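Protein chains get the first letters and strands the later ones, always in sequence-line order, with residue 1 at the start of each. Computed over heavy atoms, backbone and side chain alike; hydrogens, waters and symmetry mates excluded. Since the structure is predicted, the reported quantities are computational estimates derived from the model, not experimental observations.
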Number of protein chains: 4
Amino acid sequence: MQYKPSLPIYQQVEMDIIKDMLNGKLSPGSKMPSGRELALVYKINPNTAQRVYQELEHKGLCYTKRGMGTFVTEEEERLKTERIHLAKEYSREFLQRMKDLSVSKEQLRKYLEEELDASS
Amino acid sequence: MQYKPSLPIYQQVEMDIIKDMLNGKLSPGSKMPSGRELALVYKINPNTAQRVYQELEHKGLCYTKRGMGTFVTEEEERLKTERIHLAKEYSREFLQRMKDLSVSKEQLRKYLEEELDASS
Amino acid sequence: MQYKPSLPIYQQVEMDIIKDMLNGKLSPGSKMPSGRELALVYKINPNTAQRVYQELEHKGLCYTKRGMGTFVTEEEERLKTERIHLAKEYSREFLQRMKDLSVSKEQLRKYLEEELDASS
Amino acid sequence: MQYKPSLPIYQQVEMDIIKDMLNGKLSPGSKMPSGRELALVYKINPNTAQRVYQELEHKGLCYTKRGMGTFVTEEEERLKTERIHLAKEYSREFLQRMKDLSVSKEQLRKYLEEELDASS
DNA sequence: GTGGTCTAGACCACT
DNA sequence: GTGGTCTAGACCACA
């Protein structure tokens, strides 16, 4: 994984994990890699890995059993909420930006369809 | 103006000025506020104001005449290019994020229309 | 039983057992559950159960007969002493905390009566 | 300052600062020591100092201006809320503990008055 | 083995 | 100078 310098590594890893939670690679209640494993997989320092879990736990997306490991939250509702929360946030930010650029709704749709076609 | 802690202040001010260039409040060739004025208007540190102009000049959106001040670029083409460049970049980023959230195209459209309605 | 993450599980189980010793559910000299049983009842790791008895024995609240099991101490005096010891310690800690919060004695009494009413 | 091994240092420092916020040594809006200063004063690592502010900010008791420093929150209401929150939490915990020890309300009052007298 | 904390020290962007 | 992040590596309590 390649890290962008503009964003803290721990946030990039965090998003990558949230991604796996939402697309089903990490199912509710399942054990997540230990901090040390995470550090190895993502080639980051154990401290940074720790920070990732700290943030995820704070968002209610995982929980910790001491000496046992870290687990994906069992509350599926929480996961759905997070998806909606992020989707709305991103949408709002995106639209605000386009508005700031004085891009009309028609142009906006054009850009999106263009990119959608390009990616599909 | 309220600054978000997640983004450097100079970038937020920068975007605000670009916004004014694109919506016509700052027309091509017109004189921009001095660094000192900018600092006062936006309630930022003069160093930060300086940084803003530095970035804008680097993007070719303004230029400086020694002893005269800073001026919006006269090349309207440059402004349009900037708009398109940013719009595409934002669109691409937005779609990538939604993809990472496993949001389908249908849901995506729903979120957008929702927010568009809310803001209009 | 629900475990708080802020305190080691073995201490929580320990307190629960001391509670039973003081309220009479576990009478002096009576046999306590085996380590294995304890692990089952409290849904904890056998190692943790072992640790619980280790701590209790160290406090003189129980003793072990090789091959026979673990028994509540027969010295009733020891139980009373423990109660007083803990009560004083908790009181002192509590008052220190309230002092740190700059809570006056009047307010302190108010909080206590409030909680006492709520629980009764 | 002497640190207890039973509690993370960052939490002990945190409580010490909250104490100063509540007793008026740190007034709302005032600048707090820089991370480096804090590290020197409390004889801890800069990282640990950082953690302290991170936790305090998360609780809404201070906020950060990048490059400017960390400041006590201006919302006095937040401070009061925190005091009440902690006072109630401590009271509840204390009473639960006494209940677990099968200490009667009369005995409880006795212990408290005893300690109050001893400290005054 | 697992998470939690801590130290030491470095680099960077922002003001 | 300030906060924010990151690496390296260590120690400890807990299960």
Side-chain angles (χ1 to χ4, degrees), chain A residues 3-13 31-39 42-57 62-71, chain B residues 3 5-13 39 42-52 54-55, chain C residues 3 5-13 39 42-52 54-55, chain D residues 3-13 31-39 42-57 62-71:
Chain A
Y3 298 109
K4 284 182 284 184
S6 56
L7 210 65
I9 290 180
Y10 77 88
Q11 282 182 19
Q12 297 181 50
V13 175
K31 187 178 180 309
M32 301 173 73
S34 78
R36 287 160 179 83
E37 275 179 286
L38 200 70
Y42 283 96
K43 294 184 180 167
I44 55 180
N45 186 286
N47 264 324
T48 308
Q50 175 75 15
R51 174 78 184 262
V52 172
Y53 281 157
Q54 183 185 321
E55 298 284 335
L56 285 172
E57 189 163 1
C62 68
Y63 64 97
T64 277
K65 285 194 210 165
R66 270 162 319 161
M68 304 287 297
T70 304
F71 301 81
Chain B
Y3 298 109
S6 55
L7 212 64
I9 291 180
Y10 79 88
Q11 281 183 23
Q12 297 182 49
V13 174
Y42 283 95
K43 292 182 182 168
I44 57 180
N45 188 297
N47 286 327
T48 308
Q50 192 54 34
R51 175 78 182 263
V52 171
Q54 184 183 320
E55 297 285 333
Chain C
Y3 298 108
S6 55
L7 212 65
I9 291 180
Y10 79 88
Q11 282 184 20
Q12 298 181 50
V13 174
Y42 283 96
K43 292 182 182 168
I44 57 179
N45 188 296
N47 287 326
T48 309
Q50 193 52 36
R51 174 78 182 261
V52 171
Q54 185 184 318
E55 298 284 333
Chain D
Y3 299 110
K4 283 183 284 184
S6 55
L7 210 64
I9 291 181
Y10 77 87
Q11 283 183 19
Q12 298 181 49
V13 174
K31 187 178 180 311
M32 300 172 73
S34 78
R36 287 161 179 81
E37 276 180 284
L38 199 72
Y42 283 95
K43 294 184 182 168
I44 55 180
N45 185 286
N47 266 324
T48 308
Q50 175 75 16
R51 175 79 184 262
V52 172
Y53 281 157
Q54 184 185 320
E55 298 284 335
L56 284 172
E57 188 163 2
C62 68
Y63 64 96
T64 276
K65 287 193 208 167
R66 270 166 318 163
M68 306 286 297
T70 303
F71 301 81

Separation of atom [atom1] in [X] from atom [atom2] in [N], rounded to whole Å:
X        : N       : atom1 : atom2 : answer
Lys43(B) : dT15(E) : NZ    : C1'   : 17 Å
Gln12(D) : dT5(E)  : CD    : P     : 12 Å
Tyr63(D) : dG4(F)  : OH    : C1'   : 18 Å
Glu57(D) : dT5(F)  : CD    : C1'   : 15 Å
Leu56(D) : dG4(F)  : CG    : C1'   : 16 Å
Met32(A) : dT2(E)  : CE    : P     : 14 Å
Phe71(D) : dT2(F)  : CZ    : C1'   : 10 Å
Tyr3(D)  : dC6(E)  : OH    : P     : 10 Å

Close side-chain approach of Tyr3(B) to Ile44(B), heavy-atom, < 4.5 Å: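 They are in side-chain contact.
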
Min side-chain heavy-atom separation Tyr53(D)-Pro33(D) under 4.5 Å: yes

Touch class at under 4.0 angstrom, heavy-atom based, for Ile9(C) against every strand present: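 Result for Ile9(C) = sugar-phosphate.
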
Closest listed nucleotide, where the reference is the side chain of [X] and the choices are [options]:
X        : options                 : result
Thr64(A) : dG3(E), dT5(F), dT7(E)  : dG3(E)
Thr48(D) : dC14(E), dC6(E), dG3(E) : dC6(E)
Pro8(D)  : dC14(F), dT7(F), dT5(E) : dT5(E)

5' precedence on DNA chain E between Lys65(D) and Tyr10(D) (nearest-nucleotide basis):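 Whichever sits nearer the 5' end wins; that is Tyr10(D).
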
Closest-nucleotide ordering on DNA chain E, the 5'-leading residue of Asn47(B) and Gly69(A):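 It is Gly69(A), whose closest nucleotide lies nearer the 5' terminus.
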
Residue mapping more 5' on DNA chain F - nearest nucleotide basis, Arg66(D) or Asn45(A):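 Nearer the 5' end of the strand: Arg66(D).
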
Residue mapping more 5' on DNA chain F - nearest nucleotide basis, Leu7(A) or Arg51(C): Leu7(A)

Side chain Arg36(A) and base dG1(E) donor-acceptor under 3.5 Å: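 For Arg36(A), whose side chain was compared with the base of dG1(E), there is no donor-acceptor pair (under 3.5 Å).
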
Pairing partner of dC14(E) (Watson-Crick or G-U wobble, both distances under 3.5 Å):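 Partner of dC14(E): dG1(F).
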
dG1(F) phosphate, OP1 or OP2, under 4.0 Å from Ser34(D) side-chain N/O: no

Phosphate contact (dG4(F) OP1 or OP2) by Gln50(D) side-chain N/O below 4.0 Å: yes

Which donor-acceptor pairs under 3.5 Å do side chains of residues 64-71 of chain A form with protein atoms, sequence neighbours excluded?
residue  : atom : partner  : partner atom : Å
Thr64(A) : OG1  : Glu57(A) : OE1          : 3.3
Arg66(A) : NH1  : Leu7(C)  : O            : 3.4
Arg66(A) : NH2  : Leu7(C)  : O            : 2.9

Evaluation steps, side-chain contact (heavy atoms from CB on, under 4.5 Å), between Tyr10(C) and Gln50(C): CA-CA 9 Å; Tyr10(C) 79 88; Gln50(C) 193 52 36; over 6 Å; no

Worked check of side-chain contact (heavy atoms from CB on, under 4.5 Å) between Thr48(B) and Val13(B): CA-CA 9 Å; Thr48(B) 308; Val13(B) 174; 5.9 Å; no

